Structure formats: structure tokens, C-alpha cells
Amino acid sequence: MTPETEEELAEVIASTKEPLRITGGGTRPIGQSDGTPLSTAKMKGITLYEPGALTIVAKAGTPVADIEEALAKENQRLAFEPMDHRPLLGTKGKPTIGGVVAANVSGPRRISVGACRDFMLGVRLVDGNGSIIKNGGRVMKNVTGYDLVKLMSGAYGTLGVLTEVSLKVLPDVAAYGMLTLDGLDDATAVAAMSAALSSPYEVTGVAHDPQTGKTMFRLEGFEASVTYRADALTKHLAKFGTVAATFDAKSIKATWAAIRDVTSFAAEDGDVWRLSVKPSDAPGLVTKLGARAVQYDWGGGLIWALTDGGDLRAKLGDFAGHATLIRGTANAPVFQPEPAPLAAITAGLRAKFDPRGILNPGMMT
């Protein structure tokens with residue numbers, strides 16, 4: 001089913017008696033849910049764009065590429081740089097803005113500007129009863145009752161089907177710089193990344209690849225500012241080793257797109273896990289994993305792990321963080337099991353928004 005309007009979608013949901021599997025562009029099949037496919041791909045188009053107000057409003061099925069193209073014409077961008085899962089998952093189609101919001105997809109720049117949900121201004125959605133709901137507005141200070149805008153960001157369509165989203169955007173940058181340290185072990189790399197993030201030099205990306213031995217730091221902004229900060233950060237990181245610098249925008253963009261999309265795992269067989277942890281815990285957890293390969297992002301707060309299978313959480317035991325099975329066949333829940341108090345809250349929310357249990361049932365359990 002592919003409704004073209006919000007009204008058609010509401011009618012479909014209100015009249016159905018069967019579970020529904022909600023999809024956008026079909027590029028991110030994460031999580032297990034049985035049901036009749038219901039796609040929002042035909043509900044597309046930018047309905048409002050006000051560059052001066054740094055605001056864009058688009059229907060949920062609008063391809064992310066269309067939004068990025070419109071923003072680029074005004075020298076603006078989606079600052080949270082959403083990941084493109086197609087290389088890693090081997091999927092086709094076009095990522096949609098509704099799918100990005102539903103999964104709260106955020107890239108390396110999250111450590112400096114925030115996640116997708118932090119840029120959400122408003123949403124329109126259809127709940128499990130077929131009711132059309134609107135929440136939020138087009139300015140950051142809009143406050144109208146419950147913050148459904150944040151609630152829907154990361155709910156994976158289990159509380160409602162998004163039909164339209166309003167987002168804050170930011171100006172693009174004039175120049176890029178990247179510093180690289182070679183040969184650091186994981187613990188030292190995390191220490192170096194933490195040193196960069198705690199510095200005043202406004203780093204917008206920090207990642208470590210043990211396979212290549214490279215620890216990378218990204219800087220963005222006006223050319224003079226990037227040059228100054230790169231020089232200052234080089235001195236700041238000198239105690240960790242020799243720092244190499246580059247200011248080639250094309251190569252820097254390509255490097256960080258590869259980090260964002262975890263393309264180094266794309267052609268490799270095996271399960272892929274995504275772990276969100278405290279950076280200082282990351283090296284110790286990686287030692288327990290016994291993974292074939294790992295990649296650190298967010299200064300060590302995000303670990304991508306390539307494994308030969310099995311329940312990674314069983315290897316880790318009780319740890320402070322979340323582990324999500326992004327790709328693979330491990331006999332384990334896709335999402336991190338919730339503690340009982342949180343699970344009770346989640347169940348209560350689903351009972352209110354989807355009392356019949358038809359929207360992506362089983363997706364996050």
C-alpha cells in the first residue's frame with residue numbers, strides 16, 4: 001500500500017484489521033516486524049522552505065537528496081548529516097526524510113551540533129487509530145503540550161506514521177580541515193579524541209579506525225578560522241604523536257562520508273552491531289567483543305563492530321550502553337532490551353498511540 005496523501009493514509013490505517021510494516025524508501029530494513037507493507041514514499045515534496053528563517057518543511061516520503069539539493073542552492077545543509085545505510089545494508093531505493101526522523105539517524109557531526117531530534121521543529125502523523133495529529137511548529141521555541149516531536153524521532157514508526165516534518169537547518173561552511181594521528185592504540189586514540197573535544201577548537205568530527213591506525217579530527221568554518229584552529233589543535237595534540245593536516249575539501253568530505261556510512265564494512269560478510277557507550281569505556285568493551293573489525297566515531301561514544309555472528313550482548317554482559325544489531329542473523333533482539341521501568345512507560349505510550357498494536361508490531365521488542 002502506497003497512499004499519496006495524509007487523508008488516504010488515515011483511511012487505510014483506520015480501516016485495516018491487519019498489522020502494518022511501515023517503510024519509507026526501503027533503504028533501512030532494521031528491526032523485525034511482520035505485516036502488510038505500507039510505504040510513505042509517494043507522500044513527497046517540500047511544502048515550505050524559508051532560508052532566512054533556517055526552516056524547511058517536507059512530506060515524509062521526500063528523498064533526502066531532494067532536500068539536500070534545495071538546501072545547497074541556498075548554501076545551507078542538514079547539520080546532523082544523516083547516514084546513508086545503503087552501502088552497509090546492500091539496499092536500493094532512496095532514503096526519505098521521514099525514515100531519517102523515524103530512526104533519529106545522525107552522523108559524525110552529532111558530537112558538535114546534536115542529533116536529528118535536536119533539529120526537529122514539528123511533525124504531522126497518523127496514529128494507530130487513523131487519527132491525524134499535528135505537534136510543534138516552525139520555530140525552535142514553539143511549546144504546545146507534550147513534545148511529540150522528540151517522541152516520534154527514533155520511534156521507528158511504532159507510535160505513528162509520519163506524514164510531514166519541520167526541520168531547522170544551518171548554513172553550510174566555507175572551508176574544511178582534517179588532522180590525522182597515526183599508529184595510536186585504542187585507549188590512546190580515545191584519550192586524544194577526548195582531548196580534542198574538550199578543547200576550544202570546535203572539532204566537528206572525531207573518529208578512530210584501528211584497521212588503518214588512523215585517528216581523525218575534522219574542522220569546519222571560515223577559511224581563516226579553520227587554519228587557525230588546525231594549527232592550535234595540532235599543538236594541542238602533539239603529545240600524542242606527529243599530526244598531519246590536510247585542507248582539501250573534496251577528500252575530507254569523502255573521508256567523513258565513508259566514516260558516516262561505515263563503508264569499510266560494506267563488502268564484508270558478517271553481523272554489524274552499533275554500540276552507544278561512554279567513550280572511556282569503549283576500548284575495554286572492544287577487547288571483550290573479539291570482533292573482526294571495529295570503527296570508533298563520536299570520540300569513542302559510538303562503536304561499529306563487525307562480528308562473525310552470535311549474541312554480542314552475551315559477550316559483553318551487563319554494560320552501560322546500548323547495542324543494536326544493524327545487519328546480520330544473530331539470535332538476539334535487534335534493539336537493546338529496556339529495563340522494566342522504561343519498558344512499562346514504552347508499553348503505556350504504545351497503548352495510547354496504537355491501541356490495536358498494528359504499527360510495526362514487534363519492531364522494537
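Any value given below was found using the heavy atoms of this structure, including those in side chains, with hydrogens, waters and symmetry copies removed. In this text the structure is predicted, and so the values were computed from the model without any measurement.
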Do the side chain of [X] and the main chain of [Y] share a donor and acceptor less than 3.5 angstrom apart?
X    : Y    : answer
T55  : P51  : no
R229 : E220 : yes
T263 : A266 : no

Under the side-chain hydrogen bond (donor to acceptor under 3.5 Å, both in side chains) definition, can you give me all pairs with a residue in [range], not counting sequence neighbours?
range            : answer
residues 249-261 : D248-S251
residues 170-184 : D182-K214
residues 293-310 : D186-Y296, R292-D308

With L316, which of V277, L285, D311 fulfils side-chain contact (heavy atoms from CB on, under 4.5 Å)?
->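 Looking at V277, L285, D311, the match for L316 under the side-chain contact (heavy atoms from CB on, under 4.5 Å) is L285.
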Would the number of heavy atoms belonging to other residues, nucleotides or ligands and lying under 6.0 Å from CD of E11 be above 12?
->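 For E11, atom CD is not crowded (no more than 12 foreign heavy atoms under 6.0 Å).
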Salt bridge present between R77 and E68 (N-O < 4.0 angstrom) =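 Salt bridge: no.
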Does a side-chain N-to-carboxylate-O contact under 4.0 Å join D231 and K235?
->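 Salt bridge between D231 and K235, a charged N being under 4.0 Å from a carboxylate O: yes.
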Drop me the distance from [X]'s [atom1] to [Y]'s [atom2], to the nearest 0.5 angstrom.
X    : Y    : atom1 : atom2 : value
I67  : L167 : CD1   : CG    : 7.0 Å
L275 : Q336 : CG    : CD    : 8.5 Å
E18  : R356 : CD    : CZ    : 10.5 Å
I111 : L197 : CD1   : CG    : 5.0 Å
T215 : L184 : OG1   : CG    : 4.0 Å
L162 : K59  : CG    : NZ    : 14.5 Å

Examine I22 and V165 and state if one hydrophobic cluster contains both, with Ile, Leu, Val, Met, Phe, Trp and Tyr joined whenever side-chain heavy atoms are less than 4.5 Å apart.
->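 No; tracing contacts between hydrophobic side chains, which count when under 4.5 Å, never links both residues.
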Is there a chain of hydrophobic side chains (I, L, V, M, F, W, Y, each step under 4.5 Å between heavy atoms) that links I133 to V161?
->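 Different hydrophobic clusters.
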Minimal non-hydrogen separation, G61 against T96, with atom names |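 It is O-CG2, 3.5 Å.
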Modelled atom types, side-chain donor and acceptor of E338 and T346, under 3.5 Å =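 Result is yes, a qualifying pair exists.
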Exercise: do S276 and H322 side chains pair donor with acceptor under 3.5 Å =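 H322 and S276 do not have a side-chain donor-acceptor pair below 3.5 Å.
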Other than Y228, what residues sit in its cluster of Ile, Leu, Val, Met, Phe, Trp and Tyr side chains whose heavy atoms are under 4.5 Å apart, directly or through others?
->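 Under the 4.5 Å side-chain rule, Y228 groups with nothing.
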Take R218 and E81, measure what salt bridge (Lys or Arg N to Asp or Glu O under 4.0 Å) needs, and give me the verdict at the end.
-> CA-CA 14 Å; R218 181 177 60 185; E81 56 181 331; 2.6 Å; yes
Please list all pairs passing the ring-ring contact (aromatic ring centres under 6.0 Å, His included) test where one or both residues lie in residues 47-97, with sequence neighbours left out.
->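 Every pair satisfying ring-ring contact (aromatic ring centres under 6.0 Å, His included) with a residue in residues 47-97: F80-F119.
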Centroid-centroid under 6.0 Å between F217 and Y201 rings |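 That pair fails the under 6.0 Å test.
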Would you mind listing every salt bridge (Lys or Arg N to Asp or Glu O under 4.0 Å) that reaches into residues 270-288, with sequence neighbours excluded?
->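 Salt bridge (Lys or Arg N to Asp or Glu O under 4.0 Å) check on residues 270-288 returns no pairs.
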